[in-house]
Amino acid sequence: MKKIFAANWKLQKTPAQAKEFCETFRAQLVAHTYFWDHKEVFIFPQNFSLDTVIHATNDTPVFVGPQNIHFEKSGAFTGENSAAFAKDMGAKTILLGHSERRQFFGETNEALNKKVKLCQELDLLPVFCIGETLAQREANETEKVCFEQLTQSLNGIDKSKRMIVAYEPVWAIGTGKVATVAQVKEIHEKLYHKMSDLNFTNFQLLYGGSVKPDNAQELLQVPHVDGFLIGGAALEVDSFMKICSH
Ligand code: PEP
């Protein structure tokens, strides 16, 4: 199975900076058949840079998409972004349920369920984030919280369609605190079985949270870790390439 490397640029990189990143990345990899035979790369730019990234990578297999969408395709929703419009621009994927969306913008499992369904309707591949806060981990609620996020947000969807789930402990995002191999192993094992019990037949599990070039290799060896969702270390071509090279 191909390993997945997904870059979440958050509210960073202007179109010019995004173009520069993609041109450098593309120049090193566009003709690298071995790389593309073994890896999948996703980039989630800020929406104003989306078109630039789609065009700058259009001769590569990179999956590009927004970091959030509204659950309706169109209508009176001032300030929102449409998955249908993203698809029309050439997007192939959508990042959903990132903890910053849940934490700062009140995104609920119920709203996410509608968003996942819309992605499936439009044939856009969801990269769906779950994860517990530090307080939840300390209260031994990691499994309960992650399972609730999965069951509530993925309820009633087509389980034969491809689905990528990114486990990101909130306390490890942008903090430099990486979950230990033992912690990742334990939860990924449980998530794998939960997804199978829920009858998902085509899914991959990512780990995210302070992944860097120097910890990528050991984390990628953990069973049921099919790749990474990467924030800070995906902002520079060099460190992103180093992680992708594992
Ligand atoms: C993220 O934003 O999804 C993330 C994992 O960030 P970082 O790699 O910076 O912790």
Side-chain angles (χ1 to χ4, degrees), residues 3-13 17-18 21 25 39-47 49-50 53 62-69 91 93-107 109 112 115-116 119 125-134 136-137 142 145-146 149-150 153 163-181 183-185 187-188 191 204-220 222 224-246:
K3 294 290 179 195
I4 298 165
F5 300 91
N8 173 19
W9 286 348
K10 311 190 186 199
L11 193 54
Q12 280 148 152
K13 286 205 187 293
Q17 291 165 337
F21 179 107
F25 185 75
K39 297 158 208 259
E40 287 185 316
V41 174
F42 288 63
I43 300 179
F44 297 103
Q46 201 280 334
N47 276 351
S49 300
L50 189 61
V53 175
V62 175
F63 290 73
V64 183
Q67 300 164 7
N68 173 45
I69 42 129
T93 181
I94 313 273
L95 185 63
L96 290 176
H98 192 278
S99 63
E100 287 153 19
R101 302 276 337 148
R102 296 176 189 263
Q103 202 179 337
F104 304 133
F105 303 100
E107 189 142 54
N109 290 335
L112 283 164
K115 294 182 183 195
V116 177
C119 283
L125 174 56
V127 176
F128 177 71
C129 306
I130 59 170
E132 82 288 359
T133 61
L134 186 58
Q136 289 163 338
R137 175 162 280 269
T142 300
V145 169
C146 292
Q149 289 170 340
L150 282 183
S153 305
M163 163 70 55
I164 298 179
V165 173
Y167 167 68
E168 298 207 305
V170 179
W171 46 271
I173 298 177
T175 59
K177 281 187 201 156
V178 196
T180 64
V181 165
Q183 286 169 326
V184 177
K185 187 167 183 275
I187 189 72
H188 272 251
L191 292 172
Q204 288 86 42
L205 298 175
L206 309 185
Y207 168 77
S210 298
V211 173
K212 308 280 179 232
D214 59 359
N215 59 26
Q217 189 166 13
E218 64 169 0
L219 288 165
L220 211 49
V222 176
H224 309 303
V225 171
D226 301 312
F228 298 128
L229 181 57
I230 309 147
L235 288 170
E236 299 302 328
V237 182
D238 218 43
S239 56
F240 187 51
M241 288 277 294
K242 279 189 185 133
I243 295 172
C244 294
S245 71
H246 289 295

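Quick note: residue numbers are just sequence positions, from 1. Read the numbers this way: they start at 1 and go in the same order the structure lists the ligands and their atoms.
In this structure K115 satisfies the side chain to side chain contact (heavy atoms under 4.5 Å, CB included) test together with N68, I69, F71, L96, E107, L112, sequence neighbours excluded. For F42, the ring-ring contact (aromatic ring centres under 6.0 Å, His included) criterion is met by F63, not counting sequence neighbours.
Annotation: ligand 1 has protein neighbours N8, K10, H98, E168, A172, I173, G174, G208, G209, S210, L229, I230, G231, G232, each with a heavy atom less than 4.0 angstrom from the ligand.
Within a 6.0 Å radius of NZ in K185, other residues, nucleotides and ligands contribute 12 heavy atoms or fewer.
For the pair L50 and G65, the tightest heavy-atom approach, listed with the atom from each and the gap, is CD1-C, 3.6 Å.
Of the candidates L205, T93, D226, L206, L206 is the only one forming a side chain to side chain contact (heavy atoms under 4.5 Å, CB included) with I164.
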Please report, to 0.1 Å, the donor-acceptor pairs under 3.5 Å made by any side chain of residues 239-246, with sequence neighbours excluded.
unit_1, atom_1, unit_2, atom_2, d
S239, OG, A233, O, 2.7
S239, OG, E236, O, 3.4
K242, NZ, D238, OD2, 3.4
S245, OG, K242, O, 2.7
H246, NE2, P213, O, 3.4

